[in-house]
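Each chain gets a letter, A, B and so on, in the order its sequence line appears, and its residues count up from 1. Just so it is clear, the values below take in all heavy atoms, side chains as well, and ignore hydrogens, waters and symmetry mates.
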Protein chains: 2
Amino acid sequence: MAKAYERIADELRRSIRAGELRPGDRLPSETKLAEDHRRSVPTIRDALRLLQDEGLIEKLHGRGNFVRKPRTTVLRTNERHQWEKDRAREPKGERLKTGSTEHDTGLTVNDLVFHAAYREIKAGSELADVFDVPEGTAFIERTFRTRYDAENAPFTLVTSYLVRSLVEANPDLLDAANEPWPGGTQSQLHSVGIELGRIEERVTARPPTPEEAEELELPPGTSVLLLRKTSYDIEGRAVEMSDVTLPGDRTEMLFTTPLERW
Amino acid sequence: MAKAYERIADELRRSIRAGELRPGDRLPSETKLAEDHRRSVPTIRDALRLLQDEGLIEKLHGRGNFVRKPRTTVLRTNERHQWEKDRAREPKGERLKTGSTEHDTGLTVNDLVFHAAYREIKAGSELADVFDVPEGTAFIERTFRTRYDAENAPFTLVTSYLVRSLVEANPDLLDAANEPWPGGTQSQLHSVGIELGRIEERVTARPPTPEEAEELELPPGTSVLLLRKTSYDIEGRAVEMSDVTLPGDRTEMLFTTPLERW
DNA sequence: GAGTGGTCTAGACCACTGT
DNA sequence: CAGTGGTCTAGACCACTCC
């Protein structure tokens, strides 16, 4: 004997999957559903919460419960890295025209807003491990939000780490006022004589923390993608690491792997 | 004025983050929490559900509520593709020794169980688009589960598509009984004269459907990673596509992008 | 059997949306 | 204002775990 709220959720889920309830449609009110199924309102709400957690419906206070529409997604490719490298040595005027976020999305620079903060920190065991330096080494921590003006929610939260001694040759890199740096991180590193040899990206997914949900305006029933990007110079030494949080319902990442010929 | 269940959740969340409640610890019982906070049990349960949805706690019926321990993750790299290509032309005996899942995880072939089913289908608009063939073209659809014996949950669900006319030159490829094919998909394609030139992988994340949650034994408060892998031959023609569902709490994907020298 | 969480009820009252 | 969902109560009864 299945539980009442599960049976009710199953029935509504089937309705939605079959297209009898279409994206944007309003579900019957909770009191109406309660009468129809001869159950109490809290039981109906248990059923609706299941569907909300699956990302199938959206609850709008005072308006009703609606079948959720799919979000339009932003594509983020790994080809951006070669593209950014090619551009890193170009004159500043050229670099100003577009940033790498625009390369991925087809947007222009004016559609984007950046917030940045710099902080100096000492390496804990995790940073020390990635960069192969002693614990306590001085790092620059930069935090960003990138935003697409046409939407009212940011689409990434970024924390980036650089070894202080590697970048202090260029004092401009130590000042948040110079953000956004035209040409991006690779251009910044080029200004202190660093050329990148490869980039590693690690991807996992989990539900958002309340803080992430608020900053990225994530409704219940969505996930975040966590991307840890580590950049290595041509000698294979880690020179930069970023932790990026992306909204799972608005992001698609594309990785292309070329294969050697037989 | 914050809501009671949110305040209670905040307090417990802070406790967990601060390490006062450690992974594996049992929380006070719901009736105890209700007395402490002078709230009803359902209100306490509302608070605990928030924490469960964030993946912070685990509810065990009849035992209690526990701080969740981090799962050990399996690493899946894009270097597997070159490795699989290098191996595709090796003699069958060699290929039998290990499969590509083992390459990623360090397991031996005996730790893995495969289930496979083959089905012939006609291309809908999506498949027709990816493979650049007319709608209605005959495809072979293969579905798999891969499992690690030491755990009792599968770690991937796979659906793979091949154009029938491309692979029917080798009848063995049309029979599920020959699964798992030693050397994997690239070896199968090699048997009909196809060499791969590049692989594209698209990654998104969302909460699991009830079906996925059951098959992958995903507790509430976890996400799935969706990987769509498309393989192109050396002329750039799509020859294989897979949709892979991975448990977000047990999977880390690593993509390495080499950069050209200046 | 004692203690735990899971399901469900019936209803009060609040907060938000639209007309 | 009427109608909607959101919060919360007080308690009954069931299902599971462990001793």
Counting any heavy atom closer than 4.0 Å, what does [X] reach on the DNA or RNA strands: base, sugar-phosphate only, or nothing?
X: N65(B); value: sugar-phosphate
X: S40(A); value: base
X: R26(B); value: sugar-phosphate

Inset, instruction - Check whether any side-chain nitrogen or oxygen of Y5(A) sits under 4.0 Å from OP1 or OP2 of dC8(C), and answer yes or no. - result: no
Legend entry - Phosphate-side-chain proximity, T43(A) and dT9(C), N/O vs OP1/OP2 below 4.0 Å: yes
To the nearest Å, give me how far apart [atom1] ([X]) and [atom2] ([N]) are.
X: R49(B); N: dC8(D); atom1: CZ; atom2: P; value: 12 Å
X: E30(A); N: dG5(D); atom1: CD; atom2: C1'; value: 5 Å
X: I44(A); N: dT4(D); atom1: CD1; atom2: C1'; value: 15 Å
X: K3(A); N: dC8(C); atom1: NZ; atom2: C1'; value: 13 Å
X: R45(A); N: dG11(C); atom1: CZ; atom2: P; value: 18 Å
X: F66(A); N: dC16(C); atom1: CZ; atom2: C1'; value: 13 Å
X: R38(B); N: dT9(D); atom1: CZ; atom2: P; value: 13 Å
X: L27(A); N: dG5(D); atom1: CG; atom2: P; value: 9 Å

Inset, instruction - Give the minimum heavy-atom separation between L216(A) and R250(A), together with the two atoms involved. - result: O-NH2, 2.6 Å
Inset, instruction - Tell me which of G64(A) and P42(A) sits closer to the 5' end of DNA chain D, going by the nucleotide each one is nearest to. - result: G64(A)
Inset, instruction - Taking the six-membered ring for Trp and the single ring otherwise, decide whether the centroids of F131(A) and F139(A) are under 6.0 Å apart. - result: yes
Inset, instruction - From the options dG5(D), dT9(C), dT4(C), select the nucleotide whose nearest atom is closest to the side chain of S29(B). - result: dT4(C)
Legend entry - R63(B), nearest nucleotide to its side chain (from dG5(D), dA15(D), dT17(D)): dT17(D)
Legend entry - Under-4.0 Å salt bridge between R76(B) and E252(B): no
Inset, instruction - Would you mind checking if E211(B) and R13(A) are paired as a salt bridge, meaning a charged N to carboxylate O distance below 4.0 Å? - result: no
Legend entry - Minimum side-chain heavy-atom gap D46(A)-L50(A) below 4.5 Å: no
